[in-house]
Every structure is written in structure tokens, then in C-alpha cells.
Amino acid sequence: MAKENSEPTAKDLKFVKELMVLLEDSSLTEIDFQKGDLGISLSKSGPSSSGVQHIMAAPAAAAPAPAAAPSMPVAAVEKPSDAASHPGAVKSPMVGTAYTRPSPDAETFVNVGDKVKEGDTIMLIEAMKTFNPIVAPKSGKIEQVLVDDASAVEFGEALFIIV
Amino acid sequence: MKFFQYEALGSTSVEADRLFDSGEAPAFWVRADQQTAGRGRRGREWSSPKGNFYGTACYAFDGKPNEAAKLSFVAAIAVAKTLNAYTLTSEPTLKWPNDVLIDGRKIAGLLLEAKPGRVLIGIGINLISHPDGGNVPPTHLLEHMDPAVLNSEEPEFTGVEGVLAILAREFDQAFRRHLAYGFSATRADWTALSKGIPGPVTVRLPDETFTGEAQSLLENGALRVVAGDGTIRDVHAGDVFSGS
């Protein structure tokens, strides 16, 4: 890892610009780039995205800060309020409504502290009446669930943290 | 295309998923005369008495989640075209994202599930009866068919298996068109069948309800609405009702 440096370099900015052009010129609506501890999420919502409010981004649904993770120096250099930068954070692949239980009166898929296996369903995200299971990307323990049942989530928003 | 038909199932979508998991190769359809645990959105019960259509298509699909969501529109188009195979007193119309209505009343319910390697398209169509209640007043197919057509020597409506045959063909066509020409083609087809866009809508979200003017279906599948306060809001999930 290079020396810790939170200021974006000219090279970083050029790269982001290139990504923006790539997104603008493509039929894609979202680009999520990850390399090491660098994460860039770009999304566009339609033909003219200026001034558009994605309404599934409820302001009240701001993710709580992740628990301090002293054993993970990578997280320490990130903004503490940014759960999405936690190395164990699993992010929403889409804009939609997150469901932490299969139906309103059912038990939640998981609770904090549960051990889960890779591929286990942790929650569902619905958009346009299509349900997508969000599964554990690896086996581990659920450290935090960052969204409430039936809450609006944004693309790239941290949903839960698995360690 | 294979068809698995049952007298009764808990849920056609659960059975379709089980068949996929046990090695059945998509595409295939599962249909049941009745469901004992039919599901609507959020675990709402989908009343499933005999005589109506309950089926699930399982298609191979490995797209990203937001790509799977666009199949909601493909399925709605297929259902509208299926209903149009019958001589109706008025044409079916679509409401965002996949409600199918006749005379403003809901005739079909669609629910999709995207899982690794496949997408399940669950479709319920009221044919000979409809349950009471729901967010939108319900209806059923026979109520919108001319009695003369129904009672002719060669009746148009012959029951659920006939509906499955038409629906399977229409969905397959719409799906292949979507893959070949992309969402812009699907969006154009959906828009042509939709009603009330542009027009006033009420949008119900988990934490908020607002009114505004629906403008268009966007390239990402969201419905663009100009809210009463002038802000542009793109609806990705939630319930949208015509009128304000």
C-alpha cells in the first residue's frame, strides 16, 4: 500500500473523469469501481439526471457509523461515518426498497451476531416488483445491519457489515 | 419449452425454483389450478381459487439486479398481449411498473424474483372470478368479454390451459425482443400500452405519500414524476396510483 494520502491526486481525478465519460457514453446507469481501499460509485438516473432526486433515498435512512475496527487499519483512514468504506460492508446493487424479513410478520433473515455462510440470504431488495436476494459474499459473522425493514436504499449504500 | 401443470401447489414460484434447483433446465413454466399459499408482494396472500391463472415462468438470466427488474415490464407487456388475444369490451392498459388493468381495474398481478442463473416470473390473472379488496379495484376477464363471443359455437375462452399457451408464446417473444433490442424497445412497447402518462399520480412509498405528474418511463425503469412542489423524483419502488 502506498503512503496514506487522503487528497485525490491529479491522476485520481483524471481516472474519475474517464469513468464519468465512460458512464455517460454507455447505456449503463451505474459504475461501481473497487480497487484496494479505493471505491468509486457513479450512477446516472436517466437522460437528464441534473436536479433529480432519487426518491428511494430517504434522508432519514442515513447509515449509522460502523463500530470502531481497530484491528483494521484500512478502515481507520476512512471517514468514520462512512459505513460503505468498511471492508466488510456489503452495498446495495440497486435503488429500491430493502426488506430484512421475508414478510412483515416473519422473523428477520439474520440478526447481528449471527454466523452466516457464503450465499445465505441476508435481505431482499425490491424495485419494480422484482425481488433480488442480497446474499452473504463470504462466510462470517453479521456485525451490523445498517437498514431497517421496508426502508429505501440507494445504489451503493451499505446494507450490512460481515466480518 | 416445458410445461409442468398441477392440480394444486403451495406456490407456483416456489415449485419453479425447486425444479430449477433440482436440475430442470430453463425455460419452463409451472402452472397450478389452485394455490394454497399464493403470494403477493410482501407476503400478502394472493387468493387462488380454481378457474383463474396462476403460473410462473423460469428463464435463464444472469444479469445485474437492475436488469432483472426491467423484465417486470416485459412480463406486463406479455400479459396485456395475452388478454388482447380475446375480444374484450375495452383494451387492457398498463400501470407502472407491471399492473395490468381493464377499465382501470386490476386483472393481473406479477411478481418477479431474480436469483443466480435464473429469473422467476410469477403471474396471476383473474379469469372467471376476482377476490374483493386490494389497492386497486379488481376485475376478471369474463366480465370484459362480449357474451356473444363467449357463447358462440367456437368460444374464444376455453380455460386456463389456453391462456397458458398464449401467455408462454407472448412472454417468450417479448423476452427475446428485450434481449435483442434492449430496454429501449421494451420501454416503447410498454409506454404504448400504458395509460395515464403523462398524467396525475399519487405515489405511495414506505415512509411518504406524495402527488405529482407522471412524465415518462425512464431508460433505467424508474417512473419520472414531477411532484407538486416542482421537484423531479424518479420512482424505483413503491406504489403508483392514477389520479391525485
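Lettering of chains follows the sequences in order, A, B, ..., and the numbering in each one begins at 1.
- Nearest heavy atom pair, residue A/Ala127 against residue B/Ala237, reads CA-CB, 4.2 Å.
- The distance from the CG atom of B/Asn66 to the OG1 atom of A/Thr130 is 10.5 Å, given to the nearest 0.5 Å.
- Heavy-atom contacts from other residues, nucleotides or ligands closer than 6.0 Å to NZ of B/Lys195 number 12 or fewer.
- Summarising the geometry, atom CG belonging to B/Asp207 is positioned 10.5 Å from atom CG belonging to A/Asp148; distances are rounded to the nearest 0.5 Å.
- Looking at B/Lys64 and A/Pro93, their side chains never come closer than 4.5 Å, going by heavy atoms from C-beta outward.
- Under the 3.5 Å distance criterion, the side-chain polar atoms of B/Ser72 are matched with a main-chain donor or acceptor of A/Met128.
- When heavy atoms are compared at a cutoff of 4.5 Å, B/Phe183 does not approach chain A at all.
- Residues B/Leu112 and A/Phe131 are not in side-chain contact: their nearest non-hydrogen atoms beyond the backbone lie 4.5 Å or more apart.
- In this structure, A/Lys129 and B/Leu110 approach most closely via the heavy-atom pair CD-O, 3.7 Å.
- Pairing each heavy atom of A/Thr97 with each of B/Pro206, the nearest pair is CG2-CG, 4.0 Å.
- More than 12 heavy atoms of other residues, nucleotides or ligands shown are found within 6.0 angstrom of CG on A/Asn111.
- Note: A/Glu126 CD to B/His236 NE2 = 12.5 Å, rounded to the nearest 0.5 Å.
- With rounding to the nearest 0.5 angstrom, the CG atom of A/Asn132 is 9.5 Å from the CD atom of B/Glu113.
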